[in-house]
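To start, the structure under review is shown below, and the notes come after it.
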2 protein chains.
Amino acid sequence: MDKRRSAKSARSAVEPRQGAQAIRRALAVLRILAAGREDGVPLAEVVRATGLTRPTVHRIVHVLIEEGIVERHGRSGRYAIGNQVPELALARPRPSRLQIAANPSLQRASTEIGDTLFLTVRTGNDTLCVDRRIGIYPIQVLSIEIGARRPLGVSSAGVAILAAMPAPEARKIVAANEKRFEAYRTDVATVLGEVTAARRLGYGMREIGLVQGTKSISTWIKTPDGQPAAAMTVSAVRTRLGPRREQEVAEILLREARIIEQAIGG
Amino acid sequence: MDKRRSAKSARSAVEPRQGAQAIRRALAVLRILAAGREDGVPLAEVVRATGLTRPTVHRIVHVLIEEGIVERHGRSGRYAIGNQVPELALARPRPSRLQIAANPSLQRASTEIGDTLFLTVRTGNDTLCVDRRIGIYPIQVLSIEIGARRPLGVSSAGVAILAAMPAPEARKIVAANEKRFEAYRTDVATVLGEVTAARRLGYGMREIGLVQGTKSISTWIKTPDGQPAAAMTVSAVRTRLGPRREQEVAEILLREARIIEQAIGG
DNA sequence: GTCTCTTGTCCATAATATGGACAAGAACGC
DNA sequence: GCGTTCTTGTCCATATTATGGACAAGAGAC
């Protein structure tokens with residue numbers, strides 16, 4: 001009963017609405033499955049990433065299959081986002097306002113820089129790649145595709161977005177992602193260090209990108225209320241991004257980020 | 001305990017997995033919200049359409065808002081599908097296999113017929129328009145857009161899809177949609193009559209389309225296992241679809257439907 | 001002002017979702 | 001073949017959770 005009281009008073013402060021544990025859990029499962037893209041995710045991995053018990057995850061996943069929200073792949077037995085999710089998504093206008101606003105900037109920066117450009121948004125505790133432009137140089141980093149979803153903090157885009165938010169909030173998100181960092185061979189301390197460095201620099205950077213031998217630079221894009229909503233990233237083979245060129249590229253990205261902020265602000 | 005037993009034995013027959021009422025209810029709410037598209041749906045309407053109580057719907061909807069799955073529109077207070085749904089949808093390859101398979105047929109039939117063509121899929125108890133081709137004639141029926149979602153049975157596409165499934169299953173779906181038919185000024189008896197007529201004709205037809213003064217013709221497309229998965233529809237002002245032309249158009253649609261079935265079958 | 005519509009909240013209670021424990025299947029080694 | 005170590009799937013007593021009747025508070029209409 002004390003618990004009830006404290007939950008009640010806390011609600012007005014932040015927002016933990018009670019009476020829907022199961023729904024929240026189902027959504028947590030869906031977000032993990034989304035990170036698995038077309039290939040899906042094995043049950044055990046979902047259990048690990050969500051911290052739920054196996055019977056619970058099993059039950060949730062199978063109900064979602066019955067409902068058409070999740071699919072199971074024949075041979076591998078992995079679970080993936082189902083057909084009905086894009087069907088629900090059709091209810092919304094596509095592309096999003098952000099994508100429309102960012103389009104000219106991506107175009108401009110892409111021709112100017114020549115390497116691959118990404119537009120990445122924040123969604124919950126993840127980053128999600130929503131747009132990509134391939135540059136004109138013969139060697140391009142193509143491994144990150146539209147739809148790629150990662151824990152905030154493991155990519156330069158994630159670091160940039162974390163750097164753009166208040167430090168306590170960033171720390172909370174990083175802590176929440178702790179379990180998922182292992183799969184990317186990083187940890188809370190490393191990520192927080194990169195975030196601090198990005199704040200000092202004014203942009204996110206990873207000398208060692210997620211793909212071997214690549215380097216990435218990301219600037220953040222804030223919504224009018226000051227919350228970071230997205231990041232703009234350039235990825236290239238490391239040798240193409242020495243200190244001098246890093247400076248050049250960062251300046252272009254910073255310029256375009258400000259333009260996009262204007263576009264979504266008006 | 002008797003209940004448990006019977007539920008258990010029934011499960012092996014059909015599939016009502018227990019322990020996830022809340023999740024199923026949340027999904028039912030989402031599907032109703034999806035029908036409201038960008039404008040959204042007022043709470044009372046969701047209550048009516050789902051048959052749930054108002055406190056329950058209210059709780060579900062607000063938890064989904066906190067999770068980013070649902071949005072609320074400022075002025076109207078209506079609830080709509082949120083940003084995070086298309087974000088989850090990015091986990092899947094787009095466009096779908098059906099759309100790829102149907103593309104050449106839509107192209108061909110569109111130029112041949114000249115009126116607006118729709119590709120509509122079945123999703124649960126709804127029809128959902130997933131593709132549209134505008135014809136070359138100056139008067140076109142454009143009111144049905146990609147993403148439009150309706151109870152199975154109220155459009156000619158829905159009638160066609162119902163006609164293509166076993167009668168008992170069709171009847172079950174129509175019964176389940178009863179409450180939602182009112183908003184479209186139709187009822188169970190009328191719909192079942194149209195379905196029977198469509199079975200006799202070989203295609204679905206509505207002399208009075210959803211839009212005043214229009215007429216629609218739809219053929220069904222079945223998956224290899226015999227289940228109808230989609231419908232192909234032509235809509236035009238009624239005067240352009242007299243008996244002779246109806247025959248012509250139906251033949252083209254039937255021909256293309258068979259081609260699409262081949263494409264998804266192989 | 002009152003009436004009628006909507007949306008929002010409370011809380012005792014019934015019903016639901018939970019997870020420990022166990023089982024069964026798959027993949028590998030020897 | 002048989003043990004070992006993975007994985008996934010199931011059961012069911014239980015406590016936690018979600019439920020909905022009842023009440024309240026806005027927002028319009030007139």
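Order of the sequence lines sets the chain letters (A, B, ...), proteins ahead of strands, with each chain counted from 1.
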Point to revise | From B:L27 atom CG to B:L33 atom CG, the distance as rounded to the nearest 0.5 Å | key: 11.5 Å
Check your understanding: Okay, side chain of B:E261, backbone of B:K222: is any donor-acceptor separation there less than 3.5 Å?
Key -> yes
Practice item. Considering just the side-chain nitrogens and oxygens of A:R25, establish if one lies under 4.0 Å of OP1 or OP2 belonging to C:dG19. Key: yes
Check nucleotides 3-8 of chain C for protein N or O atoms closer than 3.5 Å to its own N or O atoms and list the pairs.
from: C:dT7; atom 1: OP1; to: B:L43; atom 2: N; distance (Å): 2.9
from: C:dT7; atom 1: OP2; to: B:A44; atom 2: N; distance (Å): 2.8
from: C:dT7; atom 1: O3'; to: B:R72; atom 2: NH2; distance (Å): 3.3
from: C:dT7; atom 1: O4; to: B:R54; atom 2: NH2; distance (Å): 3.2
from: C:dG8; atom 1: OP1; to: B:R72; atom 2: NH1; distance (Å): 2.3
from: C:dG8; atom 1: OP1; to: B:R72; atom 2: NH2; distance (Å): 3.2
from: C:dG8; atom 1: OP2; to: B:H58; atom 2: NE2; distance (Å): 3.3
from: C:dG8; atom 1: OP2; to: B:H62; atom 2: NE2; distance (Å): 3.3
from: C:dG8; atom 1: OP2; to: B:Y79; atom 2: OH; distance (Å): 2.6
from: C:dG8; atom 1: O5'; to: B:H58; atom 2: NE2; distance (Å): 3.3
from: C:dG8; atom 1: N7; to: B:R54; atom 2: NH1; distance (Å): 2.7
from: C:dG8; atom 1: O6; to: B:R54; atom 2: NH1; distance (Å): 3.2
from: C:dG8; atom 1: O6; to: B:R54; atom 2: NH2; distance (Å): 2.8

Study note, to complete from the structure: Tested for side chain to side chain contact (heavy atoms under 4.5 Å, CB included) against A:R132, the lone hit among A:T233, A:T120, A:I144, A:L142 is A:L142
Review point. Under 4.0 Å between a side-chain N/O of A:Q21 and OP1 or OP2 of D:dT16, yes or no?
Key: no
Point to revise | Between D:dT16 (C1') and A:L52 (CG): distance, integer Å | key: 15 Å
**Study point:** Gap between atom CZ of B:R78 and atom CZ of B:R72 - 0.5 Å precision
**Key:** 11.5 Å
Exercise for review: Grab the CG-P distance between A:L64 and C:dA17 for me, whole Å please.
Suggested key: 13 Å
**Study point:** Global bending angle along the helix from C:dG1-D:dC30 to C:dC30-D:dG1, which compares the axes of five pairs at either end, to 10 degrees
**Key:** 40°
Exercise for review: Considering just the side-chain nitrogens and oxygens of A:T53, establish if one lies under 4.0 Å of OP1 or OP2 belonging to C:dT18.
Suggested key: no
**Study point:** Separation between CD of A:Q21 and CZ of A:R24, rounded to the nearest 0.5 Å
**Key:** 10.0 Å
Check your understanding: Taking only side-chain nitrogens and oxygens of B:R59, does any of them come within less than 4.0 Å of OP1 or OP2 of D:dG20?
Key -> no
Review point. Any donor-acceptor pair under 3.5 Å linking the side chain of B:R92 with the backbone of A:I81?
Key: yes
Review point. Distance-only, no hydrogens or angles: does the A:S96 side chain make a donor-acceptor pair with backbone N or O of A:Q99 under 3.5 Å?
Key: yes
Check your understanding: Whole-Å distance between D:dA18 C1' and A:I23 CD1?
Key -> 9 Å
**Study point:** Side-chain donor/acceptor of B:D187 to backbone N/O of B:A189, under 3.5 Å
**Key:** yes
Check your understanding: Base, sugar-phosphate, or nothing for B:R78, non-hydrogen atoms under 4.0 angstrom?
Key -> nothing
Check your understanding: Are the side chain of A:R206 and the backbone N or O of A:V154 linked by a donor-acceptor pair below 3.5 Å?
Key -> yes
